[in-house]
Trainee: 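If you scroll down you'll find the structure; I have some questions about it.
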Protein chains: 2
Amino acid sequence: MANKTIEDYLKAIYQVDVDQDGAGTTELAERLGIAPASVTGMLKKLAAQDLVTYTRYQGVGLTNAGRAIALDVLRRHRLAERYLADVLGLPWDRVHDEAEEWEHVLSDDVAARMDAALGWPSTDPHGEPIPSARGDVPPLADTPLARLRPRHTARVARVSSEDAEFLRYLGSMGIYPHVALTVLTIAPFGGPLTIEVSGQCHAIGQGVAERIFVVDISPLPAAEEPA
Amino acid sequence: MANKTIEDYLKAIYQVDVDQDGAGTTELAERLGIAPASVTGMLKKLAAQDLVTYTRYQGVGLTNAGRAIALDVLRRHRLAERYLADVLGLPWDRVHDEAEEWEHVLSDDVAARMDAALGWPSTDPHGEPIPSARGDVPPLADTPLARLRPRHTARVARVSSEDAEFLRYLGSMGIYPHVALTVLTIAPFGGPLTIEVSGQCHAIGQGVAERIFVVDISPLPAAEEPA
DNA sequence: GATAATTATTAGGCTCTCCTAAATAATTGA
DNA sequence: TCAATTATTTAGGAGAGCCTAATAATTATC
Ligand SMILES: [Mn+2]
Ligand SMILES: [Mn+2]
Ligand SMILES: [Mn+2]
Ligand SMILES: [Mn+2]
């Protein structure tokens, strides 16, 4: 298996070009907390090992070998998070930092045993899908809460953040995966949304609503909304 | 917390001068799989950080700070082993290698949660004592099987080895902590012992018997053995 | 389409941890 | 006691992974 540094690079590259197409040096550098110059050097090294396709000034992409490792790391990371949350009772805002280390340390066998002990979960505590041991990632079928229309009710599918404070904020409103919520109003010009979560109303910013992904479960209307 | 390299050095120093008094450069080098010259260099560094007392050609010892770290690493290692064995069902010959990595990765809180989830165990799967979070190690009250007299029955307390093949060999005879066994004969001149374990007899070498630590549970004789 | 701003790369260096080979100290034993 | 052996240290060096400062390529702006 690759070493910790390489695993973190490949995972970061994967994640950057999942949520914005194309991974730039600076973006990677920020995500990894490393100077851009250092990233350039490492990308050359990864390219030499055929884990990445890299052309100067053009950005990086994963090769199949690189993607396989990235997904494997992601799998371990999310399994570890699930494990820490479900078995050891760690709150969801603390599992990420721990898993960031565990992901480099779990053997295949241990990961498989954890998977089984958990009943082969499909997502981590934040709702992110856990890649299979074969490297399959179930396609996502969710939309940002920010795109939901007023009066629609949805179930939280996942929360796209690793920021502990942010997660605690959501937790304080009772927002977790599987929880149902209803959009009451959306202020114009990027203004806040008011939502109802388990009987309580809250106003949240657009930025927050962009990071909460939901699945609409509103009863189908008799006809489309009138135009 | 110290880094992985330093943690492994301190743990090795601790273990070397637990089971042979005084830690020599070469001994440490072997245990760590590193050239003696490299160990010398690192010892100077550890001494500069006051983790170790070191005088050229004299060997090393731990300072209180160094011992505290060593015991903490040992605690995590053994808790991890117990966890891997009890919760994930990993066989006792495979837990060591995994724990060798886990020990550097577990946070205080996670270690404490594992400890609680396991019911505050006092030993690892090999019978080695788990230091407390405060750094207390219960004193050992066991003797090598090799020192037991014929016709005495004893309970296995611990097995002092990290060698997987050796552990599997013991397992094949049913030798694990808590198991009772009886010494039948001891051949002279460092010859083999015959022992009975759960109804089965086995002949084992002196070397093997030196690594199995037991507590005598023979019924007290009416008088001392006649001289 | 020239210039300015942004983004990325190269150049040169640093720290860590390890190595081998050579030198020196300590120990052993004849 | 002195020579041989063994243990340990010093010297010199390598590779990983990171950094800052300087330079080059790309992209945006007028
Ligand atoms: Mn990581
Ligand atoms: Mn997660
Ligand atoms: Mn270790
Ligand atoms: Mn053990």
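Each chain gets a letter, A, B and so on, in the order its sequence line appears, and its residues count up from 1. These numbers come from the heavy atoms of this one structure, side chains and all, not from hydrogens, waters or symmetry mates. Just so we're clear, the structure is a prediction, and the values are computed from it rather than from any experiment.
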Trainee: Whole Å only: how far is the CE atom of B/Met42 from the C1' atom of C/dC19?
Mentor: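 Between C1' of C/dC19 and CE of B/Met42: 13 Å.
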
Trainee: Is the closest basic N to carboxylate O distance between A/Arg94 and A/Glu98 below 4.0 Å?
Mentor: no

Trainee: Taking NZ, NE, NH1 and NH2 as the nitrogens, is one of them in A/Arg75 or A/Asp115 under 4.0 Å from a carboxylate oxygen of the other?
Mentor: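 Yes, charged N to carboxylate O under 4.0 Å.
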
Trainee: Measure from CD on B/Glu30 to C1' on D/dT8 and round the result to the nearest Å.
Mentor: 14 Å

Trainee: Indicate whether OP1 or OP2 belonging to D/dC19 is found under 4.0 Å from a side-chain N or O atom of A/Ser38.
Mentor: yes

Trainee: Under a 4.0 Å threshold between the charged nitrogen and the carboxylate oxygen, would B/Arg76 count as salt-bridged to B/Asp108?
Mentor: yes

Trainee: Hey, does the side chain of A/Lys44 come within less than 4.0 Å of C/dT10's phosphate (OP1/OP2), counting only N and O?
Mentor: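 True: A/Lys44 side-chain N/O within range (under 4.0 Å) of C/dT10 OP1/OP2.
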
Trainee: Can you measure A/Leu43 atom CG to D/dA16 atom C1' for me and round it to whole angstrom units?
Mentor: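 Between C1' of D/dA16 and CG of A/Leu43: 15 Å.
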
Trainee: Of all the nucleotides listed (C/dC19, D/dT9, D/dT8), which has the minimum atom distance to the side chain of B/Ile34?
Mentor: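 Closest of the options to the side chain of B/Ile34: C/dC19.
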
Trainee: Taking OP1 and OP2 of C/dA23, is either one under 4.0 Å from a side-chain nitrogen or oxygen of B/Tyr57?
Mentor: no

Trainee: At under 4.0 Å, does any side-chain N or O of B/Thr25 touch on OP1 or OP2 of D/dT9?
Mentor: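 Checking B/Thr25 against D/dT9: at least one side-chain N or O falls below 4.0 Å of OP1 or OP2.
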
Trainee: Nearest whole Å is fine: how far is D/dC18 C1' from A/Asn3 CG?
Mentor: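 A/Asn3 atom CG is separated from D/dC18 atom C1' by 14 Å.
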
Trainee: Look at B/Arg56 and C/dA26 and indicate whether a side-chain polar atom (N or O) is within less than 4.0 Å of OP1 or OP2.
Mentor: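 Indeed not, no polar side-chain atom of B/Arg56 lies that close.
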
Trainee: Would you mind classifying the nucleic acid contact of A/Thr5 as base, sugar-phosphate or nothing, using non-hydrogen atoms under 4.0 angstrom?
Mentor: sugar-phosphate

Trainee: Strictly below 4.0 Å: does A/Tyr54 bring a side-chain N or O up to OP1 or OP2 of C/dT9?
Mentor: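 Looking at the OP1 and OP2 atoms of C/dT9, one of them is under 4.0 Å from a side-chain N or O of A/Tyr54.
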
Trainee: Does D/dA16 have its OP1 or OP2 closer than 4.0 Å to a side-chain nitrogen or oxygen of A/Tyr9?
Mentor: no

Trainee: Among C/dT24, C/dA8, D/dC19, which is the nearest nucleotide to the side chain of A/Ala35?
Mentor: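 Of the options given, the side chain of A/Ala35 lies nearest D/dC19.
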
Trainee: Can A/Glu128 and A/Thr123 be counted as having a side-chain donor-acceptor contact under 3.5 angstrom?
Mentor: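 The criterion, which ignores hydrogens and geometry beyond distance, is not satisfied for A/Thr123 and A/Glu128.
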
Trainee: Check this one for me: any side-chain N or O of B/Thr26 less than 4.0 Å away from OP1 or OP2 of D/dT6?
Mentor: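 No, because none of the side-chain N or O atoms of B/Thr26 sits under 4.0 Å from OP1 or OP2 of D/dT6.
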
Trainee: Which is more 5' along DNA chain D, the nucleotide nearest B/Glu27 or the one nearest A/Pro36? Just name the residue.
Mentor: B/Glu27

Trainee: What does A/Gly24 touch in the nucleic acid at a heavy-atom separation under 4.0 angstrom: a base, only the sugar-phosphate, or nothing?
Mentor: sugar-phosphate

Trainee: State whether A/Glu103 and A/Lys11 are salt-bridged, where the test is any N-O pair (Lys NZ or Arg NE/NH1/NH2 against Asp/Glu carboxylate O) under 4.0 Å.
Mentor: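 Judged by the 4.0 Å cut-off on N to carboxylate O distance, A/Glu103 and A/Lys11 do form a salt bridge.
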
Trainee: For B/Asp8 and C/dC18, what is the distance between atoms CG and P respectively, to the nearest whole Å?
Mentor: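 For the pair B/Asp8 CG and C/dC18 P, the rounded distance is 9 Å.
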
Trainee: Once you round it to whole Å, what is the distance between C1' of C/dT27 and CD of B/Gln58?
Mentor: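 It is 12 Å, rounded to the nearest whole Å.
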
